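In each ligand, atom 1 is the first atom listed, and ligand 1 is the first ligand listed. Since the structure is predicted, the reported quantities are computational estimates derived from the model, not experimental observations.
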Amino acid sequence: MTGALAETLPAAGALDVDAIRRQFPILHTTMHDRPLVYLDSAASTQKPRAVLDALLQVYERDYANIHRGVYDLSQRASALHDAARRKVQRFIGARDWREIVFVRNATEAINLVAYSFLRPKLGPGDEILVTEMEHHANIVPWQLVAGETGAKVVAAPITDAGELDLVALRERIGPRTRLLGVTWVSNVLGTVNPVEEITALARRAGVPVLVDAAQAIQHRPVDVSALGADFLVFSGHKMYGPSGVGVLWGRAELLEAMPPWQGGGDMIEEVSFAGTTFNDIPFRFEAGTPDIAGVIALGAAVDWIEGLGMALIDAHETALMAYAERAIRQVPALRLISEPKERSGALSFVMDGCHPQDIGTLLDLDGIAIRTGHHCAMPLHARLGLPASARASIGVYNTTDDIDALVASLRRVADMFG
Ligand code: PMP
């Protein structure tokens, strides 16, 4: 790290970030003839060689459909797929491998819970409680089932600093609340919510909790047995794994009581035209051929993260985020849109006189990839009184050099519009 403020960074533990970067081929490519500075990991992380190799290896050496063939190759693919489930189980501290349901992404996991767990319990006047900082994935599925049942979605407010208002949240939990859906880390504000405290609040009121861990799983240790939640969801593509595979974790006793939500192969026990009986969890929720290679490569991503050590990843990113926050505040006319006490992964801002879209386009010309727009959080932007914002977000491969490049480019934008 050679950034101007690099000396202000605490020692980044034992993480050798240069060595980590060498494992990501895409980080050594260019955009508009400039070295790529990738600061959009909240949208999706890049993939290390270990994950790319795992994908290729499955298709080159271990590929067949799973849970079907008696032949060796199918059994090998099945064993690798099963092993990935156990890796994910261990990674998030689940008691039982049957609590890990493979789906396409966090969005599908929330839809599964909305339709299979919640919809049968909903009636007119019931409430689904979310927060103003949720991603659309943790709003719209609930609105769909609410619309079908006469229930409604209500939102707990945030403070002007961009934190959850816990007092208001507690007041919103009432006798009609059927579920609380809350994000662990906001993909826009970067706010880390006190999820253990929140789940404790909800549990005291007998309200089940779904934690959206899409922006937490890649940044901090996750232990579902300590969390007190009932469901937790995340996507593989935001944790250095492939796109197309995600995870629903649910308490076994809840999953066992839930009806299937999609029908087809693999999710059945016995089928006849007289009627069908269903498979045990988690297979009951995994109709059809899954993303076999994707799941196996997600297992490789888990191995890769564990090889680095989540505590070290967290330490590196926390230090880098603090550095970024300090540096970006020096840019004229720029305003951060949140000031949370604890921040993870993302930093969003606006600039006087310059639309976020223009910031993104100008940074792109410097090889810098950031995200602009509403970041799938339109209600949050409405609450903030902003049509859009610009967001820089980091992964374990980012360095102070990346932040310095971002800040230099933002200064040029500020000069142009100032
Ligand atoms: N929740 C949060 C907080 C997110 O940031 C995202 C992705 N931006 C999602 C849910 C949805 O993830 P996916 O698109 O992978 O389903």
Under 4.0 Å to a heavy atom of Asn187 - the qualifying atoms of ligand 1, by number: 5 (O)

Check this for me: does any side-chain nitrogen of one of Arg98 and Glu256 sit under 4.0 Å from a carboxylate oxygen of the other? yes

Ligand 1 atoms nearer than 4.0 angstrom to some heavy atom of Ala106 are 12 (O), 16 (O)

Which segment of Lys238 sits under 4.0 Å of ligand 1 when only heavy atoms are counted: side chain

Charged N to carboxylate O under 4.0 angstrom, Arg85 versus Glu99? no

Check whether the ring centres of His136 and His374 lie less than 6.0 Å apart, and answer yes or no. yes

Answer yes if the ring centres of Phe91 and Trp97 are under 6.0 angstrom apart, and no otherwise. no

Under 4.0 Å to a heavy atom of Ser235 - the qualifying atoms of ligand 1, by number: 12 (O), 13 (P), 15 (O), 16 (O)

Examine ligand 1 and decide if any of its atoms is less than 4.0 Å from a heavy atom belonging to His136. no

Can you name the atoms of ligand 1, numbered from 1 with element, that are less than 4.0 Å from a heavy atom of Gln215? 3 (C), 4 (C), 5 (O)

Which one holds for Thr183 and ligand 1: side chain close, backbone close, both close, or neither close, with close meaning a heavy atom under 4.0 Å? side chain

Taking it one step at a time, do Arg21 and Asp402 satisfy salt bridge (charged side-chain N to carboxylate O under 4.0 Å, His left out)? CA-CA 12 Å; Arg21 290 179 67 80; Asp402 295 331; 3.4 Å; yes

Distance from atom 4 (C) of ligand 1 to nearest protein heavy atom, with residue and atom: His135 CD2, 3.3 Å

Mind checking what makes ring pair (Phe, Tyr, Trp, His ring centres under 6.0 Å) contact with Tyr63, not counting sequence neighbours? Tyr59

Side chain, backbone, both or neither: His237 near ligand 1, heavy atoms under 4.0 Å: side chain

What residue among Thr399, Thr400, Asp404 forms side chain to side chain donor-acceptor pair (under 3.5 Å) with Tyr323? Asp404

Is the shortest distance from a Lys or Arg side-chain nitrogen in Glu317 or Arg343 to a carboxylate oxygen in the other one below 4.0 Å? no

In the protein, what heavy atom is nearest to atom 14 (O) of ligand 1, and what distance, to one decimal place, separates them? Thr107 OG1, 3.7 Å

Protein contact of atom 1 (N) of ligand 1 - nearest heavy atom, named by residue and atom, plus distance: Asp212 OD2, 2.5 Å

